[in-house]
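Contents: one structure, followed by commentary.
From a predicted model like this one, the values you see are computed outputs, not experimental measurements. Throughout, protein chains are lettered first and strands after them, A, B, ... in sequence-line order, and every chain is numbered starting at 1.
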Protein chains: 2
Amino acid sequence: MTKSRATMTQVARLAGVSIKSVSRVINREAHISPRLRERVEAAIAELNYTPDTAARSLAGARAFVVGVLFDNPSPNYTMNIVGGAHEACSAQGYHLRIDNLDSTEQDRALADQLEAVLSHGRCDGFVLTPPLTDIPLVLDTLERHDVRFVRIAPVLAPGRTPTVQIDDFAAAGAVAQCLWGMGHRHFGFVGGPPSHGAAGTRRAGFFSRLKALGLEAMPSEASGDFSFDGGIAAGFALLRTATPPTAIFAANDDMAAGVMVAAAQCGLAVPRDLSVFGFDDSWVALSVWPYLSTVHQPIRAMASAAVSLLLDHPREALALEPVTLDWTLIERGSHGPVRPER
Amino acid sequence: MTKSRATMTQVARLAGVSIKSVSRVINREAHISPRLRERVEAAIAELNYTPDTAARSLAGARAFVVGVLFDNPSPNYTMNIVGGAHEACSAQGYHLRIDNLDSTEQDRALADQLEAVLSHGRCDGFVLTPPLTDIPLVLDTLERHDVRFVRIAPVLAPGRTPTVQIDDFAAAGAVAQCLWGMGHRHFGFVGGPPSHGAAGTRRAGFFSRLKALGLEAMPSEASGDFSFDGGIAAGFALLRTATPPTAIFAANDDMAAGVMVAAAQCGLAVPRDLSVFGFDDSWVALSVWPYLSTVHQPIRAMASAAVSLLLDHPREALALEPVTLDWTLIERGSHGPVRPER
DNA sequence: TTGTAGGCGTTATCAA
DNA sequence: TTGATAACGCCTACAA
């Protein structure tokens with residue numbers, strides 16, 4: 001039952017062609033007659049042939065390995081990235097490597113971590129996720145080593161490298177629009193740490209739309225650090241004031257969940273007394289009650305796209321034009337119309 | 001700066017030995033004189049040599065790939081499994097494959113999924129996670145294909161295959177003990193679906209200890225399905241009764257978080273009016289307020305151990321004696337002493 | 001458009 | 001205890 005896998009030689013024999021021709025078909029090289037290709041493909045199908053990755057990487061230039069570099073505390077986010085990247089890899093017979101860096105380290109230590117990763121084994125390219133995407137040292141080191149990489153949702157120097165992203169600015173604007181449409185006029189915003197640049201973009205999109213809508217008093221602000229704890233603290237800071245906002249937009253879901261906790265502690269019911277909006281549509285959005293209204297970010301798809309970018313383009317032809325995927329406004333239970341003033 | 005990696009031949013030349021001897025040292029084979037080994041190791045260190053995985057797998061019997069098979073909806077759980085497994089793999093120069101099966105499929109479809117996974121590429125072994133660990137069809141298929149695998153926290157036929165686990169029974173007993181010690185006498189238990197056998201073990205451990213402690217009225221029960229939603233529903237079922245429990249133990253954290261929501265809806269404050277205990281110490285435990293008291297399960301370590309089991313033992317020497325790791329009772333904010341009867 | 005020869009870096013076989 | 005030498009399955013040159 002354990003029949004050994006077919007080899008290229010066997011395929012060639014069955015198709016009555018040379019092994020090199022089979023190789024050409026497999027690698028979609030040019031200059032092959034349709035007739036030959038057809039016969040080879042038939043043989044491949046009949047033998048259920050799959051090229052041997054080890055042999056290919058030994059003989060050729062490719063390692064058939066793609067790496068994901070991450071430093072994101074949220075397992076939800078990372079799992080989606082890994083899942084999406086892995087899917088794209090495995091569809092093309094590539095392996096996925098994942099390496100967790102610690103960007104809070106000193107520059108020197110971070111550089112060492114990177115060197116270790118790079119010397120660990122051959123790799124055809126890397127996918128970078130925030131906040132690594134915005135650390136100059138990381139980009140510099142990778143470029144110096146002449147390694148290909150694609151960044152996901154970077155903020156720093158967007159045009160510098162191949163990129164996959166969503167339009168954070170527009171999405172945050174849509175949140176503002178939605179809340180405004182429900183009558184809210186007093187807003188709060190919970191931002192992220194400087195290292196997560198996307199928080200800044202979301203803030204800008206939110207504020208900009210509100211201003212365009214005619215809002216005069218800009219939102220009160222508090223800074224979380226993209227964490228649940230930070231969200232609770234920020235929520236208190238925003239809510240325990242003379243004129244608390246009726247709607248709070250947090251730059252990610254974890255912080256939004258924290259804001260909901262703060263609201264409950266303050267005796268405020270969500271969404272009756274306070275509307276809350278998050279960003280990411282991560283796992284936590286469905287682990288709070290009411291379910292969190294948020295912006296869905298297609299993280300898996302973004303990671304897949306990043307890998308495809310890496311694999312589908314020859315070494316020097318990586319488009320620098322960012323690939324921009326669609327976000328979706330997810331209106332669940334944590335927001336609603338503003339209550340009439342008492 | 002991009003100096004190409006050293007090869008075995010170069011090491012051999014530098015050490016003044018044959019390439020085969022280097023190979024022997026690398027693979028820790030027997031019958032090598034200390035002197036030779038020493039020289040080879042010096043050369044390896046000097047050249048900073050790392051064996052080429054592709055070449056090794058082409059020439060040898062190993063593929064240098066380990067697979068993780070999962071079907072667990074919780075990204076936290078899966079991420080920890082993947083992280084731990086990956087760590088162990090990469091320490092030994094192995095790649096990690098991850099494959100998501102859908103065990104809700106019909107037998108036939110599930111078998112097809114497995115066949116697809118198995119024919120996808122060579123693999124030196126698999127790590128199975130619940131609930132796949134307890135599906136006879138999966139075990140049978142894997143064994144029929146003569147594939148090595150280790151199960152994590154299986155319930156079905158524990159001695160049948162190499163296994164890594166914790167003592168769910170004892171851990172659940174500790175929860176009972178803790179709650180009992182705080183004066184609770186009216187308990188509720190939220191169980192899981194039959195497919196997740198561990199829920200049954202936890203139930204048994206909880207009930208058994210309570211009985212040993214002298215409790216007469218066994219806990220009221222409700223079944224969630226290991227989900228947040230299920231936990232909310234189960235919480236309502238348990239709480240909206242004439243004599244609601246003062247403490248509820250849920251078989252996992254997601255359900256416990258749901259119970260907390262139900263409690264809040266019922267006007268019960270946690271832990272003042274109701275104590276809640278979860279199991280797993282997953283991400284959600286720190287995304288609710290108060291933080292969830294729970295049992296810490298060393299998931300990463302379990303996955304690492306599973307991979308080590310696979311890699312450190314020759315084909316037929318996989319110990320059947322289960323490897324049992326330690327759990328920890330994590331007492332956070334969701335439980336406390338029972339309130340005196342009103 | 002197709003085919004031939006050689007080699008990638010390692011392990012396996014067999015001999016010394 | 002060591003060392004030649006032949007695979008492993010494929011790709012890169014080059015030739016036809």
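Atom NZ of B/Lys20 and atom P of D/dT5 are 15 Å apart (whole Å). Between the CE atom of B/Met8 and the C1' atom of D/dC8 there is a distance of 15 Å, rounded to whole Å. Rounded to whole Å, the distance from CZ on B/Arg37 to C1' on D/dT2 is 14 Å. Spacing between atom CZ of A/Arg13 and atom C1' of D/dG9 amounts to 13 Å, rounded to whole angstrom units. A/Glu29 has its CD atom 12 Å from the P atom of C/dT2, to the nearest Å. Distance B/Arg24 CZ to D/dA4 P: 12 Å, rounded to the nearest Å. In this structure, the CG atom of A/Asp124 is 14 Å from the P atom of D/dC11, given to the nearest Å.
Counting heavy atoms of neighbouring residues, nucleotides and ligands inside a 6.0 Å radius, atom CD of B/Glu29 exceeds 12 of them. For A/Glu105, the CD atom counts as densely surrounded, since its 6.0 Å shell holds more than 12 non-hydrogen atoms of other residues, nucleotides or ligands.
Look at B/Ser21 and you'll find a side-chain N or O under 4.0 angstrom from OP1 or OP2 of D/dG3. Side-chain nitrogen and oxygen atoms of A/Thr7 include none within less than 4.0 Å of the OP1 or OP2 phosphate oxygen of D/dC8. Residue A/Ser23 has a polar side-chain atom (N or O) positioned under 4.0 Å from OP1 or OP2 of D/dC11. Of the side-chain N and O atoms in B/Ser33, one or more sit less than 4.0 angstrom from OP1 or OP2 of D/dT2.
Residues B/Gly16 and B/Leu58 both approach DNA chain D. Their nearest nucleotides, taken by heavy-atom distance, put B/Gly16 toward the 5′ side. Mapping B/Leu36 and A/Ile19 onto DNA chain D by nearest heavy atom places B/Leu36 closer to the 5' end of the strand.
Counting only heavy atoms from C-beta outward, the side chains of B/Val127 and B/Leu69 never approach each other to under 4.5 Å.
For D/dG9, its base never sits under 3.5 Å from the side chain of A/Arg5 at any donor and acceptor pair.
Counting any heavy atom pair closer than 4.0 Å across all strands shown, B/Tyr49 reaches sugar-phosphate atoms only and no base atom.
Under 3.5 Å, the side chains of B/Gln92 and B/Asp312 contain a donor-acceptor pair of N or O atoms.
A/Arg160 has a carboxylate O that lies under 4.0 Å from a charged side-chain N of A/Asp140, or vice versa, which qualifies the two as a salt bridge.
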